[in-house]
Amino acid sequence: LRTLLLGGTGFLGGHCTRALLEAGHEVTVLSRGSRGPATGAESLVADRRDERALATVLEGRRFDRTVDLAAYEGSDVERLLRVPEASLGRYTLISTGQVYLVTRCPRPPYREEDSRYTYDHANWQYGIGKRRAERTLLSLASTHGMRVVILRLPIVVGEEDASLRLWAYLERMLDRGPILLPDGGRRPVRFLDAADFARVVVRLVEGPMPPGNIYNLAQPEAVPLRAMLEQIAAVAGERPRFLEASWEDLEREGLERAFSPFAGPWASHLDPSRARAELGFAGTPVEEYLPRVTRWTLEHRPERSHPGYAQRSLELAIAGRLG
Ligand SMILES: NC(=O)c1ccc[n+]([C@@H]2O[C@H](COP(=O)([O-])OP(=O)(O)OC[C@H]3O[C@@H](n4cnc5c(N)ncnc54)[C@H](OP(=O)(O)O)[C@@H]3O)[C@@H](O)[C@H]2O)c1
């Protein structure tokens with residue numbers, strides 16, 4: 001099948017491209033060209049926010065399937081559907097569990113401080129943009145007679161993850177300093193193996209249309225973050241000392257939340273039971289995929305640190321005070 005992957009050169013796009021090529025499909029990736037595509041894929045370079053550039057590379061092109069890993073706004077979807085004479089086939093939009101997290105608002109009556117800028121402004125924008133992309137796709141699907149599926153993902157863990165979130169913890173384990181764990185890491189998390197995600201995309205590309213439009217994907221079990229970190233440490237052969245601290249105390253000390261990227265409130269916790277029932281999605285258990293990805297990361301140590309590591313000396317000073 002001829003497949004178009006918007007964002008096919010990124011972390012998840014790379015996993016999908018390789019899996020689709022291995023399954024014998026033709027893959028065309030579209031990106032702004034900051035990274036090259038996997039060997040064997042056709043590359044189109046355009047900024048999808050630039051209507052003319054998008055039309056230049058896609059006008060008249062015909063695909064059996066489109067997987068959109070780079071729509072962050074409703075207008076991203078609209079612009080794509082306006083490309084003249086382009087045929088996208090069945091369309092899968094990759095969305096996020098953050099759409100569930102952008103529904104809170106301060107309780108009225110509002111006070112002056114309710115409108116202050118918060119550390120998580122970018123996360124709100126991201127979740128709201130994705131929700132708009134979903135809504136736009138669903139409404140255009142009915143007017144264009146398109147068949148669409150939306151996959152909502154939590155934090156994805158896998159090889160080649162340029163966000164370096166797993167490395168953020170590994171690097172601290174390897175420097176052998178204590179690791180501050182907001183709220184003790186007791187909060188259960190439910191991530192997703194990137195390889196599982198790619199398998200679902202291949203199945204959606206090849207198989208019949210599923211009965212529903214929207215599916216959550218996530219690992220089968222909810223596990224406290226601390227237990228996941230202990231598994232990572234065991235693979236690395238390290239025995240880190242975890243120190244509990246509240247987000248409020250850490251914030252008062254001036255530590256930015258980015259230091260612990262798996263621990264924040266923006267890690268969505270999704271129920272994948274509909275995908276299990278209707279897509280036959282089982283999900284690889286944590287104890288199987290986490291050691292695999294940890295070993296890969298240790299064998300391919302990034303040359304740079306996760307951005308939150310820049311505050312490591314402050315963390316160590318706080319840890320010293322906590323004892
Ligand atoms: N990674 C996760 O844990 C996670 C979790 C939930 C949902 N998701 C969703 O999954 C999708 C893929 O995530 P990812 O982690 O693989 O992201 P990523 O590594 O940042 O990849 C993004 C891809 O989109 C391309 N891109 C971005 N803006 C573009 C534009 N304006 N025009 C054309 N191409 C553009 C990038 O290439 P260029 O920069 O070269 O353009 C790259 O190929 C995203 O929609 C994300 O919201 C990811």
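Each ligand, and each atom within it, is numbered from 1 in the order the structure gives.
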Identify the closest protein heavy atom to [atom]: which residue and atom is it, and at what distance?
{"atom": "atom 46 (C) of ligand 1", "value": "Y126 OH, 3.4 Å"}
{"atom": "atom 5 (C) of ligand 1", "value": "P154 O, 3.0 Å"}
{"atom": "atom 27 (C) of ligand 1", "value": "R32 NH2, 3.4 Å"}
{"atom": "atom 20 (O) of ligand 1", "value": "R35 NH2, 4.3 Å"}
{"atom": "atom 45 (O) of ligand 1", "value": "K130 NZ, 2.7 Å"}
{"atom": "atom 43 (O) of ligand 1", "value": "T9 OG1, 2.7 Å"}
{"atom": "atom 15 (O) of ligand 1", "value": "F11 CD2, 3.7 Å"}
{"atom": "atom 25 (C) of ligand 1", "value": "G7 CA, 3.7 Å"}

At the 4.0 Å heavy-atom cut-off, does [X] count as touching ligand 1?
{"X": "A71", "value": "no"}
{"X": "Y72", "value": "yes"}
{"X": "R152", "value": "no"}
{"X": "S95", "value": "yes"}
{"X": "R165", "value": "yes"}

### Message
Using a 6.0 Å distance limit plus a 45 degree cone around the ring axis, check whether R301 lies over the aromatic ring of W167.
### Response
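Judged by the rule (NZ or CZ under 6.0 Å from the ring centre, within 45° of its axis), R301 is not positioned above W167.
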
### Task
Taking the six-membered ring of Y91 (Phe, Tyr or Trp), confirm whether the NZ or CZ of R65 is under 6.0 Å from its centre and within 45° of its axis.
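Relative to the ring axis of Y91, which defines the angle, R65 lies outside at least one limit.
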
### Contacting atoms of ligand 1, where contact means under 4.0 angstrom from a heavy atom of R48
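Answer for ligand 1: 30 (C), 31 (N), 32 (N), 33 (C).
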
### Message
Taking 4.0 angstrom as the limit and counting only heavy atoms of S34, give me the atoms of ligand 1 inside it, by number and element.
### Response
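Contacts of ligand 1 toward S34, numbered from 1: 38 (P), 39 (O), 40 (O).
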
For [Y], does its backbone N or O pair with a side-chain atom of [X] as donor and acceptor, under 3.5 Å?
{"X": "T28", "Y": "E42", "result": "no"}
{"X": "H306", "Y": "G308", "result": "yes"}
{"X": "D193", "Y": "A195", "result": "yes"}

Return a yes/no value for [X]: is any of its N or O atoms, backbone included, closer than 3.5 angstrom to an N or O of ligand 1?
{"X": "R49", "result": "no"}
{"X": "L12", "result": "yes"}
{"X": "L153", "result": "no"}

Separation of [Y] [atom2] from [X] [atom1] (nearest 0.5 Å):
{"X": "W296", "Y": "E159", "atom1": "CH2", "atom2": "CD", "answer": "6.5 Å"}
{"X": "L270", "Y": "L217", "atom1": "CG", "atom2": "CG", "answer": "8.5 Å"}
{"X": "D161", "Y": "L166", "atom1": "CG", "atom2": "CG", "answer": "8.0 Å"}
{"X": "I318", "Y": "R252", "atom1": "CD1", "atom2": "CZ", "answer": "11.0 Å"}

### Residue pairs involving residues 188-233 (criterion ring pair (Phe, Tyr, Trp, His ring centres under 6.0 Å); sequence neighbours excluded)
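Sorted pair list: F191-F262.
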
### Query
Where's the contact between Q98 and ligand 1, heavy-atom distance under 4.0 Å: side chain, backbone, both or neither?
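Answer for Q98: neither.
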
### Query
Looking only at heavy atoms, which two atoms of L58 and L4 are closest? And how far apart?
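Of all heavy-atom pairs spanning L58 and L4, the closest is CD2-CD2, 4.1 Å.
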
Minimum non-hydrogen distance to [atom], winning option of [options]:
{"atom": "atom 37 (O) of ligand 1", "options": "S31, A162, S268, S163", "result": "S31"}
{"atom": "atom 10 (O) of ligand 1", "options": "V67, I94, V156, V29", "result": "I94"}
{"atom": "atom 44 (C) of ligand 1", "options": "D47, I155, D76, L69", "result": "L69"}
{"atom": "atom 42 (C) of ligand 1", "options": "G13, G8, G10, A46", "result": "G10"}

### Message
Checking R52 now: which residues fulfil salt bridge (Lys or Arg N to Asp or Glu O under 4.0 Å) with it, not counting sequence neighbours?
### Response
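R52: no salt bridge (Lys or Arg N to Asp or Glu O under 4.0 Å) contacts found.
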
### Task
Would you mind reporting whether R274 and N216 have side-chain heavy atoms less than 4.5 Å apart?
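Contact flag for N216/R274 side chains = no.
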
### Query
Take atom CD in E206; do more than 12 heavy atoms of anything else shown fall under 6.0 Å from it?
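Yes, the 6.0 Å shell around CD holds more than 12 heavy atoms from other groups.
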
